[in-house]
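Step one of this worksheet: look at the structure below.
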2 protein chains.
Amino acid sequence: MTLIPRHLPTRSSLRRHAHDTVEGHSAEGSTEQVVTHVRTQIESGALKRGDRLPAERDLASLIGVSRPTVRAGLRALSAMGVVRSRHGSGTFIPAGPPTLGSEPLSFLAALHGFTREEMYEARRLLEVGAAGLAAARATPDQLATIAEEVASLFASMNDPQKFLLHDISFHRAVAAASGNPIVVALVEMLSELYYGRRRETASQATEQNLRDSSEMHRRIYQAIRSGDVGGASAAMNEHLQKSSAYQAEEPSAATT
Amino acid sequence: MTLIPRHLPTRSSLRRHAHDTVEGHSAEGSTEQVVTHVRTQIESGALKRGDRLPAERDLASLIGVSRPTVRAGLRALSAMGVVRSRHGSGTFIPAGPPTLGSEPLSFLAALHGFTREEMYEARRLLEVGAAGLAAARATPDQLATIAEEVASLFASMNDPQKFLLHDISFHRAVAAASGNPIVVALVEMLSELYYGRRRETASQATEQNLRDSSEMHRRIYQAIRSGDVGGASAAMNEHLQKSSAYQAEEPSAATT
DNA sequence: AAGTCTTGGTGGTTAGACCACACTGGATTT
DNA sequence: AAATCCAGTGTGGTCTAACCACCAAGACTT
């Protein structure tokens with residue numbers, strides 16, 4: 001038996017042990033405690049959209065962990081979009097519409113080699129349904145937003161990059177008109193992923209492509225406006241399938 | 001004028017300045033450098049699924065930041081599911097199928113008060129299409145997996161919790177049969193969100209509910225097996241709409 | 001009264017140290 | 001000789017202490 005024990009209990013380890021005993025959560029890391037704390041505060045209504053979290057130093061003493069640990073938890077929450085830190089001002093819960101962020105999906109795409117066809121297909125499943133819901137529920141304001149984007153599409157047929165931006169905006173507007181915030185978040189996530197990829201090759205689109213695309217967008221809008229659920233779904237379906245087919249024939253299609 | 005300048009340029013600030021000059025990335029925080037570094041390594045193929053990242057200390061000296069900063073970046077990547085750290089072993093890129101994780105969506109649900117109907121609707125849009133794809137593409141193995149889950153559903157009609165687990169597994173299996181990894185990831189994300197909520201109220205389901213549900217699952221399977229795209233979609237649509245309606249009539253429905 | 005400057009509080013980063021865990025390979029034991 | 005044990009080494013996890021950069025609001029000056 002050695003005379004000098006290798007692992008003396010330190011202040012921190014004792015504190016940790018006390019926590020385990022009190023909370024009963026088996027093996028919850030200190031960092032997880034921070035995330036759990038914030039989640040609890042949110043679920044209990046103590047933290048709402050737009051609220052500011054306590055300062056990191058205060059959170060540290062409040063939860064009973066060190067500041068770096070608090071920072072680790074907040075960094076994780078920040079990566080999930082739950083929280084957003086502003087240097088010098090504090091850490092806030094974003095107030096805007098629910099958004100998921102496309103970064104995780106973007107990493108997944110790079111790691112698993114998602115193809116353009118798979119991306120279009122996923123968008124198709126989701127947006128065909130979204131267009132149908134929009135046809136049934138769109139408010140006049142939402143219809144106006146969609147109509148504006150259609151107009152912008154026709155107006156930017158000479159600028160593929162600008163066209164792409166309005167293309168995305170159109171699909172977002174349709175999703176918003178579905179009235180379902182989850183659908184909005186999902187469509188936005190996929191749209192951003194698509195935009196990040198398409199941006200590099202958008203200039204390959206011919207003006208004829210853009211003209212046809214504008215026309216298809218217009219048909220989608222008209223179906224939504226007239227409350228034609230089946231027609232809106234069918235038009236969206238046709239649009240996304242044809243767009244995918246167009247891009248498959250572009251020169252750079254082989255690089256995938 | 002004070003004799004002692006308050007802000008002397010330090011080594012770190014000088015180094016930071018050099019970075020800005022060299023890279024040209026305006027105002028990219030040190031932590032972002034870590035994320036960007038990993039992303040670059042992934043996109044260049046230097047890091048693949050299952051690979052192990054360099055040790056944090058090595059990454060720190062490699063990128064030119066401190067270890068806590070490296071840890072912050074890795075923590076963010078970990079929250080996005082890009083990376084997973086195992087105490088004592090190292091930091092790895094998960095090797096399994098592409099997954100998004102439902103935690104961000106769960107936070108969003110708590111913050112924005114997503115309703116059960118909205119969750120069911122989002123699932124419906126996605127899974128109706130997924131069922132159609134499955135009918136067109138399912139391999140014999142995938143069909144077998146779906147059939148097994150149907151059998152398990154019938155076998156666990158007396159245990160609502162068990163039934164719920166097989167219910168989720170069934171829908172995951174259908175999504176997997178769609179052959180589209182993005183769809184799989186999205187369906188899984190929504191399914192986990194649904195499971196986390198339904199778990200608490202699953203016991204309220206009557207045996208008649210579970211019997212009907214099993215029967216609907218069976219019909220979905222049969223449509224997929226016979227390659228009936230429209231039938232599979234319609235069956236899935238009916239199933240999710242009826243399930244949503246069932247739950248709306250349960251006693252605890254008012255708590256939402 | 002308007003502009004400017006100081007001041008306090010906040011997140012961002014660094015440094016060094018130590019602990020807890022996992023794997024590996026040699027020493028010990030059987 | 002084989003099985004077992006155990007210490008070493010490397011890894012992520014946490015802590016302490018300190019400083020920097022930024023922001024907003026109050027105090028000061030003009």
Side-chain angles (χ1 to χ4, degrees), chain A residues 1-2 4-20 26-35 38 51-79 83-93, chain B residues 1-2 4-20 26-35 38 51-79 83-93:
Chain A
M1 187 198 238
T2 57
I4 304 176
R6 206 167 304 265
H7 293 154
L8 281 173
T10 63
R11 187 162 118 237
S12 62
S13 63
L14 284 176
R15 185 199 301 158
R16 176 73 170 293
H17 201 67
H19 263 295
D20 289 348
S26 59
E28 181 179 59
S30 296
T31 298
E32 288 307 312
Q33 285 183 25
V34 179
V35 176
V38 174
D51 283 356
R52 197 188 113 176
L53 274 67
E56 294 178 351
R57 292 159 178 87
D58 297 341
L59 264 182
S61 66
L62 183 64
I63 304 178
V65 298
S66 71
R67 195 186 154 206
T69 301
V70 168
R71 283 187 60 72
L74 292 182
R75 179 70 66 175
L77 289 170
S78 176
V83 135
R84 183 178 163 143
S85 294
R86 283 194 314 215
H87 192 166
S89 302
T91 304
F92 300 82
I93 296 183
Chain B
M1 187 199 246
T2 58
I4 303 177
R6 210 169 301 263
H7 291 156
L8 282 173
T10 62
R11 186 163 119 237
S12 63
S13 63
L14 285 175
R15 184 201 299 159
R16 176 72 171 291
H17 201 70
H19 261 296
D20 289 347
S26 59
E28 181 178 58
S30 296
T31 298
E32 287 308 311
Q33 286 184 25
V34 179
V35 176
V38 173
D51 281 358
R52 198 189 111 176
L53 275 68
E56 294 178 353
R57 291 157 178 88
D58 297 340
L59 264 182
S61 65
L62 182 65
I63 304 178
V65 298
S66 70
R67 195 188 154 205
T69 301
V70 167
R71 283 187 60 72
L74 292 182
R75 179 70 65 176
L77 289 169
S78 176
V83 133
R84 183 178 163 142
S85 294
R86 283 196 315 219
H87 193 166
S89 302
T91 303
F92 300 82
I93 297 182

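Here the structure is a predicted model, which means the values were calculated and not measured.
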Next item on the list: Identify the two heavy atoms, one from B/I93 and one from B/V83, that lie closest to each other, and give their separation to 0.1 Å.
Entry: CG1-CG2, 4.3 Å
Note to self: So if I take every side-chain heavy atom of A/A55 and compare against D/dT14, C/dG11, C/dT13, which nucleotide ends up nearest?
What the structure shows: C/dG11
Next item on the list: Name the closest nucleotide to the A/E56 side chain, picking from D/dT14, C/dT13, C/dG11.
Entry: C/dG11
Note to self: So if I take residues 84-92 of chain A and measure heavy-atom distances to DNA chain C, which residues fall below 4.0 Å?
What the structure shows: A/S85, A/R86, A/H87, A/G88, A/G90, A/T91
Using atom types as modelled, flag every donor-acceptor pair under 3.5 Å from a side chain in residues 55-62 of chain A to any protein atom, sequence neighbours excluded.
unit_1 : atom_1 : unit_2 : atom_2 : d
A/E56  : OE1    : A/R67  : NE     : 3.0
A/E56  : OE1    : A/R67  : NH2    : 3.0
A/E56  : OE1    : A/R71  : NH1    : 3.2
A/E56  : OE2    : A/R71  : NH1    : 2.8
A/S61  : OG     : A/D58  : O      : 3.0

Checklist line | B/I63 CD1 to C/dT14 P, straight-line distance once rounded to whole Å | finding: 11 Å
Notebook entry, point to check: Should A/R52 be listed as having a side-chain N or O under 4.0 Å from OP1 or OP2 of C/dT10?
Noted result: yes
Notebook entry, point to check: Out of C/dG12, C/dT14, D/dT14, which nucleotide sits closest to the side chain of A/R57?
Noted result: C/dG12
Check: Quantified as the angle between the terminal helix axes (five pairs each), what is the overall bend of the helix from C/dA1-D/dT30 to C/dT30-D/dA1 to 10 degrees?
Finding: 10°
Item checked: Results of side-chain contact (heavy atoms from CB on, under 4.5 Å) for A/R84 - residues two or more places apart only -> A/P94
Note to self: Without decimals, in angstroms, what is the distance between B/L74 CG and C/dT13 P?
What the structure shows: 14 Å
Next item on the list: Please name the pair of heavy atoms, one in A/S30 and one in A/V65, separated by the smallest distance, quoted to 0.1 Å.
Entry: CB-CG1, 4.1 Å
Check: Counting just side-chain N and O atoms, does A/T31 come under 4.0 Å of either OP1 or OP2 of D/dT14?
Finding: yes
Check: Between C/dT10 atom C1' and A/R71 atom CZ, what is the distance in whole Å?
Finding: 10 Å
Item checked: Quiz item: B/R67 side-chain donor-acceptor pair to D/dG13 base, under 3.5 Å -> yes
Next item on the list: Measure the shortest side-chain to side-chain distance between A/L77 and A/T91 over non-hydrogen atoms and say whether it is less than 4.5 angstrom.
Entry: no
Next item on the list: Apply side-chain contact (heavy atoms from CB on, under 4.5 Å) to B/T31 and list each qualifying residue two or more places apart in sequence or on a separate chain.
Entry: A/R75, B/T69, B/A72
Item checked: Residue closer to the 5' end of DNA chain C, A/D58 versus A/P68 (nearest nucleotide) -> A/D58
Notebook entry, point to check: side chain to side chain donor-acceptor pair (under 3.5 Å) with B/S78: which residues, sequence neighbours excluded?
Noted result: none
Check: For A/E32 and D/dG12, what is the distance between atoms CD and C1' respectively, to the nearest whole Å?
Finding: 14 Å
Item checked: Partners passing side-chain contact (heavy atoms from CB on, under 4.5 Å) against A/R86 (at least two apart in sequence or in another chain) -> A/S89, A/F92
